[in-house]
Amino acid sequence: MDPFEGAEPAGFIVGFCGDFERAVTDTEEDLATIVDRFHTPDMEQTNDGLRMDRSRLIAHLRPIRKNRPSSRLEVHEATSDGDLLTSRYTMHVTMKRKAFSIDVHFFGRFAPDGRLREAHSLTRMEKNAEAPT
């Protein structure tokens with residue numbers, strides 16, 4: 001089974017991240033339930049050398065839900081091979097009166113049902129964007 005359901009890699013990563021963000025920030029659904037819908041039980045994420053398992057991801061999401069940021073992905077490159085998706089994108093984030101951008105280099109493995117199993121990301125904060133008015 002193709003984890004990307006025939007979607008172009010750029011479209012898949014935009015949809016995955018956007019759907020996950022909206023589930024976290026636009027609903028009051030239990031965070032563990034949301035994480036389980038988008039990630040396998042044995043998921044591992046390493047962001048800038050910091051490892052997160054399922055419980056750490058849930059804890060990480062609590063302040064995100066409280067601050068209710070919104071983001072937009074600008075995908076520069078994306079490719080997939082089997083269950084592996086790699087992408088280089090900029091995440092433009094707005095939170096309250098603050099805006100910033102993060103340059104992301106993403107390497108992820110997905111389960112056949114499209115849930116994230118393993119991810120490695122390297123990030124770099126870009127110059128602060130102008131705050132929304």
Side-chain angles (χ1 to χ4, degrees):
M1 184 175 191
D2 177 11
F4 310 115
E5 301 177 14
E8 290 296 318
F12 181 87
I13 196 68
V14 167
F16 182 88
C17 292
D19 291 347
F20 185 58
E21 175 189 305
R22 283 185 292 281
V24 170
T25 61
D26 295 351
T27 74
E28 295 302 321
E29 185 177 7
D30 179 63
L31 290 172
T33 301
I34 294 169
V35 167
D36 292 344
R37 188 166 56 250
F38 288 88
H39 300 79
T40 61
D42 60 345
M43 62 77 61
E44 285 189 13
Q45 284 185 219
T46 304
N47 298 317
D48 298 328
L50 301 173
R51 185 182 164 280
M52 261 194 281
D53 60 9
R54 179 183 178 274
S55 62
R56 282 188 149 179
L57 177 59
I58 292 166
H60 174 73
L61 294 173
R62 287 187 188 108
I64 291 173
R65 174 172 270 177
K66 182 180 176 184
N67 290 315
R68 305 237 185 249
S70 64
S71 67
R72 175 181 60 83
L73 264 57
E74 177 185 356
V75 178
H76 308 293
E77 298 176 90
T79 189
S80 64
D81 183 18
D83 66 349
L84 176 66
L85 186 141
T86 62
S87 182
R88 185 175 62 83
Y89 59 86
T90 302
M91 180 183 292
H92 303 282
V93 181
T94 303
M95 185 170 49
K96 297 182 182 175
R97 293 204 163 275
K98 188 162 96 174
F100 55 93
S101 297
I102 304 169
D103 186 42
V104 180
H105 295 249
F106 172 86
F107 305 85
R109 293 202 178 276
F110 290 81
D113 62 6
R115 292 183 299 161
L116 184 62
R117 289 184 3 203
E118 176 186 2
H120 298 272
S121 298
L122 298 172
T123 66
R124 180 180 59 86
M125 291 288 283
E126 294 187 350
K127 281 184 168 180
N128 284 347
E130 289 189 29
T133 55

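Just so you know, these numbers use all the heavy atoms, side chains as well, and skip hydrogens, waters and symmetry mates. Note that the numbering runs from 1 along the sequence shown for the chain. In this text, all values refer to a predicted model and were calculated from it rather than measured experimentally.
With sequence neighbours excluded, the residues that form a ring pair (Phe, Tyr, Trp, His ring centres under 6.0 Å) with Phe38 are Phe16, Phe20. Partners of Phe4 according to the ring pair (Phe, Tyr, Trp, His ring centres under 6.0 Å) rule, which considers only residues two or more places apart in sequence or in another chain, are Phe12, Phe110. When the salt bridge (Lys or Arg N to Asp or Glu O under 4.0 Å) test is applied to Arg22, the partners found at least two apart in sequence or on another chain are Asp19.
Within the model, atoms CZ of Arg124 and OG of Ser101 stand 10.0 Å from one another, a figure rounded to the nearest 0.5 Å. Atom CZ in Phe107 sits 6.5 Å away from atom CG in Leu122 (nearest 0.5 Å). Between the CE atom in Met95 and the OG atom in Ser71 there is a gap of 11.0 Å [rounded to 0.5 Å]. Once rounded to the nearest 0.5 Å, the distance linking CG of Asp103 with OG1 of Thr123 reads 8.5 Å.
Applying the salt bridge (Lys or Arg N to Asp or Glu O under 4.0 Å) test to every pair with at least one member in residues 55-70, sequence neighbours left out, gives these pairs: Glu28-Arg68. Screening residues 73-93 for salt bridge (Lys or Arg N to Asp or Glu O under 4.0 Å) gives Glu77-Arg88, Asp83-Arg109, Asp83-Arg117 as the qualifying pairs, with residues at least two apart or on separate chains. Sorted by first and then second residue, the salt bridge (Lys or Arg N to Asp or Glu O under 4.0 Å) pairs with a member in residues 34-48 read Glu29-Arg37, Asp36-Arg54, Glu44-Arg51; sequence neighbours excluded.
Residues His120 and Phe106 are not in side-chain contact: their nearest non-hydrogen atoms beyond the backbone lie 4.5 Å or more apart.
Nearest approach of Ala78 to Ala10, heavy atoms of both residues: CB-N, 3.6 Å. Between Ala111 and Pro3, the shortest heavy-atom distance links the atoms O-CB, 3.0 Å.
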Full working for side-chain contact (heavy atoms from CB on, under 4.5 Å) between Ile102 and Thr90
CA-CA 6 Å; Ile102 304 169; Thr90 302; over 6 Å; no
Assess the residue pair Lys96 and Thr94 against the criterion (side-chain contact (heavy atoms from CB on, under 4.5 Å)); give the C-alpha distance rounded to whole Å, side-chain angles, the decisive distance to 0.1 Å, and a yes or no.
CA-CA 7 Å; Lys96 297 182 182 175; Thr94 303; over 6 Å; no
Taking it one step at a time, do Leu116 and Met43 satisfy side-chain contact (heavy atoms from CB on, under 4.5 Å)?
CA-CA 7 Å; Leu116 184 62; Met43 62 77 61; 5.7 Å; no
After noting the C-alpha distance and the side-chain angles of Val75 and Ser87, does the key distance pass the side-chain contact (heavy atoms from CB on, under 4.5 Å) rule?
CA-CA 7 Å; Val75 178; Ser87 182; 3.9 Å; yes
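A side-chain donor-acceptor contact under 3.5 Å links Asp113 to the backbone of Arg115.
Residue Ile58 is tested with Asp30, Asp53, Ile34, Leu31 for a side-chain contact (heavy atoms from CB on, under 4.5 Å); the sole match is Leu31.
Taken together through direct or relayed side-chain contacts under 4.5 Å among Ile, Leu, Val, Met, Phe, Trp and Tyr, Val93 and Met125 form part of one hydrophobic cluster. Residues Ile64 and Val104 share a single hydrophobic cluster, defined by chaining ILVMFWY side chains whose heavy atoms lie under 4.5 Å apart.
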